[in-house]
Amino acid sequence: MNKTKKILLSEKEIPEKWYNIQADMPNPTLPPLHPGTKQPVGPEDLAPLFPMELIKQEVSKERWIDIPEEVRDVYKIWRPSPLFRAYDFEKLLGTPAKIYYKYEGVSPAGSHKPNTAVPQAYYNKMEGVKRLTTETGAGQWGSALSFACNHFGIDLEVYMVKVSYDQKPYRKSMMKTWGANVFSSPTDKTESGRKILAEDPNSPGSLGIAISEAVERAAKDGGTKYSLGSVLNHVLMHQTVIGLEAIKQMEIAGDFPDIVVGCFGGGSNFGGISFPFLGLNFREGKKVRAIAAEPSSCPKLTKGQFRYDFGDTVGLTPLIPMYTLGHTFIPEPIHAGGLRYHGAGAIVSQLLKDKLIEAQAFHQLECFDAGVKFARTEGIIPAPESTHAIAAVVKEALKAKEEGTSKTILFNLSGHGYFDMSAYDAYFSGKLVEHHLTEEELHADLKKLNTPTIE
Ligand SMILES: *Cc1c(COP(=O)(O)O)cnc(C)c1O
């Protein structure tokens, strides 16, 4: 039998425009609010942190936004990324479902993150910015932005969540190779960091805390701006190159997905793979189900509240309308560092509220179990974050088997796990623990919240 396993596009087929789902959403997102005045933020409020072009993209309602030639040129290093049919994984699961995956681990940093790091560094460069600050969890975003800043000649300061800084030393080395300065967050370099350390000198850190530190640094220095690797509208839009390529590749495969899956930290790789398909739902009446897979230990989509909340722990960012566990929620130090975030992007939150997407939560052990099964059949060792998407695929594929229906499932393999082998070691030696959040732990931070509610 002549089975096509890998579907490739040529360099010419790298998308020329990003897809902006804000043009097609049935209900627009609510505006972000100024943390002080509680009024909608304007471009001038965001100007100290972001270059104007990104601020424009953040609020744009244009359906298609041109990708600059300079950005497409850098994309050529790894794009278009391959799309695979997972025949052996299907066989192992004994499912009638057809499983496809888009592999973003082929980028220099090993994940989907350079898809937005490159345009962000580019627009900052064009507007004369000399230095960027950012946070990183597991180190994937920090390494992606290090790569991009190095390419465009911008200095970079990275605040890396302490637990990851200690668990993932090689991500640190990678960032240094690309010329970045990396600090273990909370640091004593910022007021935000000092405040957290005063409350808990052994704080494992969190993405929320690291964001506070990076934002504070940028806000206090005129020549410095800030860059975020997920959550914001423009970030999710840059990631739509994933889904736009996947639509073409599925066409070549002669197939179309019933279900599209992405793991969920702040929404960027999930939005990247699913938004172009949701656009077809909205404009052409297609019926693709989009599933976001999050960790049970940080279940903002499945157990959080839809309300205004800060993007960071200290409360320096605008208030964003989102599903949140409370900005002071510090998730357990699970190995999927990139998913340890209390909130979600505004677009994804609105879509979930409107029941246009679905969310499912998975425990760490079932994720690694799915990830190892995948590695033993398809070869690629997935990032711990990506194993959440695989766990969701397993669930849907087994459901299809039970029901005896043939489903076509497409998921985004957001990155490889070659810097995460200590997590796999922990799994094999039985040291990886299951953490079950109690109702009390879940609601403690939400109860404390005094940010505006919605409805
Ligand atoms: C950062 C990261 C994620 C989570 O972030 P999203 O913005 O939700 O995509 C998932 N997978 C990998 C490999 C990552 O690096």
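Start at 1 and go down the list; that is how both ligands and their atoms are numbered.
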Engineer: Taking the side chain as everything from C-beta on, heavy atoms only, tell me whether Ile21 gets closer than 4.5 Å to Leu278.
Structural biologist: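 Counting from C-beta outward, Ile21 and Leu278 do come under 4.5 Å.
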Engineer: Just the distances, no angles: every ligand 1 N or O to protein N or O pair closer than 3.5 Å, one line each.
Structural biologist:
unit_1: ligand 1; atom_1: 7 (O); unit_2: Ser230; atom_2: OG; d: 2.5
unit_1: ligand 1; atom_1: 7 (O); unit_2: Ser268; atom_2: N; d: 3.0
unit_1: ligand 1; atom_1: 7 (O); unit_2: Ser268; atom_2: OG; d: 2.7
unit_1: ligand 1; atom_1: 8 (O); unit_2: Gly265; atom_2: N; d: 2.6
unit_1: ligand 1; atom_1: 8 (O); unit_2: Gly266; atom_2: N; d: 2.9
unit_1: ligand 1; atom_1: 8 (O); unit_2: Gly267; atom_2: N; d: 3.0
unit_1: ligand 1; atom_1: 9 (O); unit_2: His112; atom_2: NE2; d: 3.1
unit_1: ligand 1; atom_1: 9 (O); unit_2: Ser268; atom_2: OG; d: 3.2
unit_1: ligand 1; atom_1: 9 (O); unit_2: Asn269; atom_2: N; d: 2.8
unit_1: ligand 1; atom_1: 9 (O); unit_2: Asn269; atom_2: ND2; d: 2.7
unit_1: ligand 1; atom_1: 11 (N); unit_2: Ser414; atom_2: OG; d: 2.7
unit_1: ligand 1; atom_1: 15 (O); unit_2: Lys113; atom_2: NZ; d: 2.7
unit_1: ligand 1; atom_1: 15 (O); unit_2: Gln140; atom_2: OE1; d: 3.4
unit_1: ligand 1; atom_1: 15 (O); unit_2: Gln140; atom_2: NE2; d: 3.4

Engineer: How close do Ala359 and Leu301 get, counting heavy atoms only, and between which atoms?
Structural biologist: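 Taking Ala359 first and Leu301 second, the nearest heavy atoms are CB-CB, 3.6 Å.
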Engineer: Under 6.0 Å between ring centres, would you say that holds for Phe89 and Tyr101?
Structural biologist: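 Between Tyr101 and Phe89, which both carry aromatic rings, the centre distance is not below 6.0 Å.
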Engineer: Determine, for Lys102 against Glu245, whether the closest basic-nitrogen to carboxylate-oxygen distance falls under 4.0 angstrom.
Structural biologist: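 Yes, this pair counts.
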Engineer: Which value, rounded to the nearest 0.5 Å, describes the distance between Leu83 atom CG and Leu9 atom CG?
Structural biologist: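 So the gap between those two atoms works out to 8.5 Å.
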Engineer: Can you see which heavy atom on Leu49 is nearest to which on Ala218, and at what distance?
Structural biologist: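 Looking at all heavy atoms of both residues, the closest pair is CD2-CB, 4.0 Å.
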